[in-house]
> 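My questions all concern the structure below.
Numbering of ligands and ligand atoms starts at 1, following listing order. Position 1 is the first residue of the sequence; numbering continues from there. Given the structure is predicted, the values throughout are model-derived calculations rather than measurements.
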Amino acid sequence: MKTTLSRRKFLKITGATIGAAAAGGAAMKAFTVFSRPPLSPTHGLSKIPTYCDLCFWKCGAIAYVRDGALWKIEGNPEDPLSRGRLCPRGSGGVGAHSDPDRLKRPLMRKRQRGEEAWAEVTWDEAFDFIARKLNSIKAQYGPEAVALFSHGIGGNFLKHTMKAYGTPNISAPSFAQCRGPRDVGFRLTFGEDVSSPERTDIRNARCLVLIGSHLGENMHNTQVQEFAEAIESGASIIVVDPRFSVAASKAKHYLPIKAGTDLALLLAWMNVIVAENLYDAEYVRNHGFGFEQFAASLRPYTPDWAYPETGIEPDVIRETAREMARYRPATLVHPGRHATWYGDDTQRSRAIALLNALLGSWGRKGGFYYPQSMDVPNYPYPPYPVSTRGKVDNPNHKYPFANEPITTGIRNATITGQPYPIKGWMVYATNLLHALPNERETVEAIRNLDLLVVIDVIPSEIAGWADVVLPESVYLERHDDLNVEWFRDPFVAIRQPVVESPDDQKPNWWIAKRLAGALGLGSYYPWKNIEEYLEYRLKGAGLSYDELKQKGIIRGPKQPIYFEEGIKPEFATPSGKIEFYSVQLANAGFDPVPKYTPPKEGPPGSFRLLYGRAPVHSFSRTHSNRILSDMMDENEVWVNADVAARNGWESGNYVRLRNQDGVVSNRVKVKVTERIRPECVYLVHGFGHTSKGLRHAWGKGASDAQLITRYETDALMGGTGMNVNFVTLEPAAEAQHG
Ligand code: SF4
């Protein structure tokens, strides 16, 4: 199989035909004037390895500083994640450093919350205020009354400070608003998560099934590169999506499924594979538990039954099921990542896991490998205080299979005061007003707080509601914790400063350490500075700090990653086997094998609102980056061509979206396309900013988050299914926001 991949082909897969390198040319020149002197020689060219933070994937990168200014960023060829190539966002990282809309100095609120009226203060003034408030909350309500919401590796030190403070309430939207149902569904089946980066052996797959997974738009660099390799090596690609995505354009079979009916298709596929004895019988016999009950439960779910539910013809269901079986065990039914859609998402993900189990792909080449990691010890901190009250987010284990804290559970506790009050939020690098469903509930919770602190690089919407805003240095200006990755090739990577921060921004480790000092918790930071901390950890692993600084990456020895290479098939489930039938689900009152329930329909004449990603933006965090916004400045609402013709809508017309609860979006351009089913419309997530500080991004495009007023909660783990909102379109000529 070919293992090389040209840059041209890679970009073609991303759907960003403009390309990152092109974006970095003229645009970057315009912004280097904002750069401060680099931390390396000020004349000539210097190359400093680091790892990217334009999303959470953490690709190894090399930053170039030319004549004192940040010039460009490329992939680090030594890095197994980037393999020398960054995605368009990563290449546009220069724009994060030079963004004129960045937070510059600590800010304290001057008027009512949400009015975005600020006074600049010193760091000492900010820490004094926060420490006084946190100590007062602790005295009145206990340390558990403060919650930290955090996203990405940059939150590690703040987590440490807040644990030292005494709160167990630390959560991230990446669980209940993203990958949680997937990981719980796989854990219930195989006893392990899919993890991040996903343990998917895409490059060796001979058949790749993407069901609601938009590789190429959902821009996880390594996966997209491996997707391109799989295509080049002739893998059979099956894509299931209500929208003809970039991935669909590469498929041998594209199944335009009715939204919300994936589980019906998955059950019908498994029905065919079992009924026709196409599954890996030896693998199932050796490793499976409860197969007979599972097989019996599938009998009603024939392709003919699934047709009216899914809109996929029975012959197509049979043909694609046989195609998957033909290439097993090197058939990979991709688990996806963002999986909080309809409220039955854990069972949907469990069905994906079971289909993979039938195909024998877990632990096998071309399926799911066993990720390996280097043994780098943690820093030996003093023990944290133990909370007597426990976590607040999931009282009485209402969601019995939640194995991470639920953000919306913390929000509920903040609103209701039950099971105990939450009075302080610390928010690191996550724009909760775009990440959580139902903005109104988030604002209601914020109104109950005694303290809201936001630590971020840009003035996001959640920052607009804060009492104190702390400006963080962007990743090119700071150290972060070591990335000790779990991957097919074990490695450790360093993030280190390339240039100085242009204003009074500070790295997260400095903020976390100083905050701990202000709280009287200085003993939790025995190291003087971050380099001492990093060097200590590396020394414990027998690794050289100097070598890591120079190379950016140190790789560990290759380890076995498949059963066929010697990995022992062990499953951390109650039965010790792959659970086709789950006794633990049955005992908790849930379906032990997945069952299908049709999705609820919307009001007549409305369209189901779907949302997704673009390859040049991350969440709502990159729209003020001038290089990335130059490639995509606003989103469009995708509307089916027949529907548009009937309504007289044309591409480029501006409309507003009104949801079932009367919430109206900012204006957004129509994109008329054959590439979406008629009952849906689609928006790229993260646009429609309302924060005054985001001067460049303000008012551009529509916010899907604003329209997601409803959600269906997953009864197994508390995830919030968000594809349950419906909109109508109305003309919008004027450009005013609101
Ligand atoms: S996928 Fe792109 S944005 Fe994310 S870390 Fe890698 S290069 Fe950066």
Side-chain angles (χ1 to χ4, degrees), residues 5 7 10-11 13-16 18-21 23-24 28 48-64 70 72-97 99 151-155 174 178-179 196-198 200 202 213-228 246-247 337-338 429-430 457-458 474-478 480-483 485-487 489 491 493-496 498 552-553 612-625 627-629 631-632 684-686:
L5 172 71
R7 176 75 179 155
F10 172 47
L11 288 172
I13 297 295
T14 69
I18 299 167
M28 281 181 200
I48 302 169
T50 186
Y51 63 86
C52 180
D53 193 39
L54 266 282
C55 83
F56 51 80
W57 202 254
K58 304 189 280 287
C59 292
I62 295 180
Y64 290 75
L70 181 60
K72 65 173 182 175
I73 310 171
E74 293 179 346
N76 183 346
E78 296 299 316
D79 171 48
L81 288 175
S82 73
R83 302 195 292 175
R85 300 175 185 87
L86 300 181
C87 83
R89 295 167 303 175
S91 298
V94 175
H97 168 63
D99 182 352
H151 187 264
I153 197 166
S174 51
C178 190
R179 57 170 173 74
S196 174
E198 284 77 16
T200 46
I202 297 173
S213 183
H214 320 134
L215 290 185
E217 291 159 88
N218 190 357
M219 188 64 242
H220 301 144
N221 188 355
T222 326
Q223 294 201 38
V224 178
Q225 294 192 39
E226 293 200 14
F227 182 33
V246 171
R337 188 174 182 98
H338 183 87
T430 175
V457 297
I458 53 164
V474 301
Y475 71 102
L476 293 159
E477 304 156 4
R478 68 180 199 235
D480 264 318
D481 210 343
L482 298 170
N483 180 25
E485 197 59 280
W486 285 87
F487 193 55
D489 309 293
F491 67 93
I494 189 170
R495 180 174 286 155
Q496 56 188 338
V498 175
I553 306 282
R613 306 275 185 233
V616 298
H617 286 293
S618 293
F619 313 118
S620 60
R621 297 184 57 74
T622 50
H623 302 99
S624 62
N625 180 319
I627 292 171
L628 300 182
S629 66
M631 289 191 272
M632 184 179 184
V684 167
H685 170 74

> Would you be so kind as to tabulate the donor-acceptor pairs closer than 3.5 Å made by side chains of residues 51-61, with sequence neighbours excluded?
{"residue": "Tyr51", "atom": "OH", "partner": "Asp481", "partner atom": "O", "Å": "2.6"}
{"residue": "Asp53", "atom": "OD2", "partner": "Arg478", "partner atom": "NH2", "Å": "3.3"}
{"residue": "Trp57", "atom": "NE1", "partner": "Thr222", "partner atom": "OG1", "Å": "2.6"}
{"residue": "Lys58", "atom": "NZ", "partner": "Phe56", "partner atom": "O", "Å": "3.4"}

> Give a yes or no answer on whether the side chain of Asn221 reaches the backbone of Leu81 with a donor-acceptor pair at less than 3.5 Å.
no
> What count do you get for protein N, O or S atoms closer to atom 8 (Fe) of ligand 1 than 2.8 Å?
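Counting protein N, O and S atoms closer than 2.8 Å to atom 8 (Fe) of ligand 1 gives 1.
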> Donor-acceptor pair, distance only, cut-off 3.5 Å: does the side chain of Glu74 make one with the backbone of Leu86?
no
> Could I get the full list of ring-ring contact (aromatic ring centres under 6.0 Å, His included) partners for His617, not counting sequence neighbours?
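In terms of ring-ring contact (aromatic ring centres under 6.0 Å, His included), with neighbours along the sequence ignored, His617 is linked to His623, Phe687.
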> Between Arg89 and Met219, is there a donor-acceptor pair closer than 3.5 Å when you use the side chain of the first and the backbone of the second?
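Flag set: sc Arg89 to bb Met219 pair under 3.5 Å.
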> Any atoms of ligand 1 less than 4.0 Å from a non-hydrogen atom of Met219? List them with their elements.
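Once the distances to Met219 are compared, the set is 1 (S).
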> With sequence neighbours left out, what residues match Asn625 under side-chain hydrogen bond (donor to acceptor under 3.5 Å, both in side chains)?
none
